[in-house]
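See structure below.
Since the structure is predicted, the reported quantities are computational estimates derived from the model, not experimental observations. Convention: sequence-line order gives letters A, B, ...; per-chain numbering from 1. Just the heavy atoms: all of them, side chains too, but no hydrogens, waters or symmetry mates, feed the values below.
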Protein chains: 2
Amino acid sequence: MGDDAVMSSTAERIRPGRSGILAAATRLFAAQGVSGTSLQQIADASGITKAAVYHHFPTKEEVVAAVLAPALEAIQGIVRTAGAHQDPRAATEAAIIGLADQAVTHRQRWAVLLQDAAVEEYVRNHPDHDDLFTRLRLLLTGPDPSPGTRLQVSLFLSGLLGPAQDPSCADIDDDALRAGIVQAGRRLLLLDDDADDDA
Amino acid sequence: MGDDAVMSSTAERIRPGRSGILAAATRLFAAQGVSGTSLQQIADASGITKAAVYHHFPTKEEVVAAVLAPALEAIQGIVRTAGAHQDPRAATEAAIIGLADQAVTHRQRWAVLLQDAAVEEYVRNHPDHDDLFTRLRLLLTGPDPSPGTRLQVSLFLSGLLGPAQDPSCADIDDDALRAGIVQAGRRLLLLDDDADDDA
DNA sequence: GTCTATATGGCGATAGAC
DNA sequence: GTCTATCGCCATATAGAC
């Protein structure tokens, strides 16, 4: 096979080609942020040169877009599937479960999408993507949401990636992460607005 | 008083000196991330030159540290005050209330502290700061926490800044933000681990 | 499809005048 | 305490050989 068999001894296998670039970029973007990651770092982590990266992507922004694309498609799927429920509460629950699964399974990609300052602006400047988030929020709040409900949705979406990324939760396996995130989503978004219990 | 009365017509008053630098840096760091903000941008927003910024701070990292310092002191205060409660649940509640107030009142500073990839590494590399967060987490979980409880704390801390920063919550006033965040904290951290209600 | 080499500009940081 | 001017480096991006 390939004649580029460098057999790197680093922790992560260096993969050639477009998918290797995207894998390296996703990992670096999640760890350092988009602005904190240079194309040189991406090239080094991919085992190729900077110029080779530019053969696959015309600009750094296109690398970012390619990293985010699968997550944006997943949100489209969640909005479509959850939106098919008649009961608004069932729709909210379906969206919570879909988001929790994506956040755990593709945590690095989703950390870039939801926790990077540069990506926030990128999304805000692309009406298609911004509208997608608006529809997602509406599914999570239910129709005609109160300010308090919008606030809980905002906190849930902002906190969604925390458990999967936090070193203090590194010992928790993926299924338990999904279940815990879903539980948090139910508590924040599906509890009646009155009684706040104990103490 | 001052002889530097430039009377800028920009949206935000340009303030001279150290406090103006920190105000501009905090705002820019929160909006663009630390890595996405240059000293030239901070200088321009402060109405001085880059060299003048370097008169007040020896390095960019020191600007970051000065921006974060009040928030880290606030966490110390929260840990001290909340830790004085004998009842672990009262301690958790006090920490939630203190965090919600800080997150709303100083939302830009806290967004830098809690949501910036570069700052995460900065905190991880300073054992004093890292220990502080460990103590804060322990107050929020209570003693001998289960994995599920640690997960809820992680999601709450990660989501804390969401409502105060999210444009979709821009219409909510500060007191309502504080109350909503406290409500979310109670639901995530003070609910018994069993019954998850309705539907 | 990957390389070497390079263009151009902005970065963090410094020197020294006022 | 702020300025102008500059250093050395690395950023994104391009040209052209193989």
Side-chain angles (χ1 to χ4, degrees), chain A residues 1-8 13-26 28-29 31-68 112 116-119 121-122 125, chain B residues 1-8 13-26 28-29 31-68 112 116-119 121-122 125:
Chain A
M1 321 201 179
D3 41 2
D4 57 286
V6 180
M7 277 309 157
S8 155
R13 180 80 176 83
I14 294 178
R15 296 193 298 171
R18 193 182 148 104
S19 69
I21 294 168
L22 290 177
T26 303
L28 290 167
F29 287 164
Q32 308 173 346
V34 169
S35 295
T37 301
S38 70
L39 285 178
Q40 184 66 65
Q41 288 178 304
I42 296 172
D44 290 348
S46 309
I48 57 178
T49 62
K50 231 178 359 173
V53 175
Y54 275 106
H55 174 75
H56 295 279
F57 301 96
T59 64
K60 184 182 178 182
E61 177 162 346
E62 287 297 309
V63 179
V64 176
V67 165
L68 297 180
V112 179
D116 190 284
V119 171
E121 213 199 345
Y122 168 82
N125 291 343
Chain B
M1 322 201 177
D3 41 3
D4 57 284
V6 179
M7 277 311 156
S8 155
R13 181 82 176 83
I14 295 179
R15 297 193 299 170
R18 197 183 145 101
S19 70
I21 295 168
L22 289 178
T26 303
L28 290 167
F29 287 163
Q32 308 174 345
V34 169
S35 295
T37 302
S38 70
L39 285 177
Q40 185 66 64
Q41 288 178 304
I42 295 171
D44 291 347
S46 309
I48 59 178
T49 62
K50 218 171 27 164
V53 175
Y54 276 105
H55 174 74
H56 295 279
F57 301 95
T59 64
K60 184 182 179 181
E61 177 162 344
E62 287 297 308
V63 179
V64 176
V67 165
L68 297 179
V112 179
D116 190 284
V119 171
E121 212 198 346
Y122 168 83
N125 292 342

Side-chain donor or acceptor of E62(B) paired with backbone N/O of T59(B) under 3.5 Å: no
E121(A) side-chain N/O to A118(A) backbone N/O, donor-acceptor pair under 3.5 Å: no
From K60(B) atom NZ to I42(B) atom CD1, the distance as rounded to the nearest 0.5 Å: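 Going from the NZ atom of K60(B) to the CD1 atom of I42(B) covers 6.5 Å.
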Rounded distance [0.5 Å steps], CG in L28(B) versus CD in Q41(B): 6.0 Å
Below 4.0 Å: OP1/OP2 of dG1(D) and any side-chain N or O of H55(B):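 Yes, within the criterion.
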Phosphate OP1/OP2 of dT2(D) contacted by H56(B) side-chain N/O (<4.0 Å): yes
Per-nucleotide protein contact string for nucleotides 7-18 of chain D (B base, S sugar-phosphate only, - none; heavy atom under 4.0 Å): ----SBBBB---
Find the distance [X]:[atom1] to [N]:[atom2] and express it as a whole number of Å.
X: I48(B); N: dT4(D); atom1: CD1; atom2: P; value: 12 Å
X: R15(A); N: dG1(C); atom1: CZ; atom2: P; value: 16 Å
X: E62(B); N: dA13(C); atom1: CD; atom2: C1'; value: 14 Å
X: I42(B); N: dG10(C); atom1: CD1; atom2: P; value: 17 Å

Y54(A): side chain to side chain contact (heavy atoms under 4.5 Å, CB included) partners, not counting sequence neighbours: L39(A)
Summary of side-chain hydrogen bond (donor to acceptor under 3.5 Å, both in side chains) pairs that have at least one residue in residues 42-52 of chain A, sequence neighbours excluded: Q40(A)-D44(A)
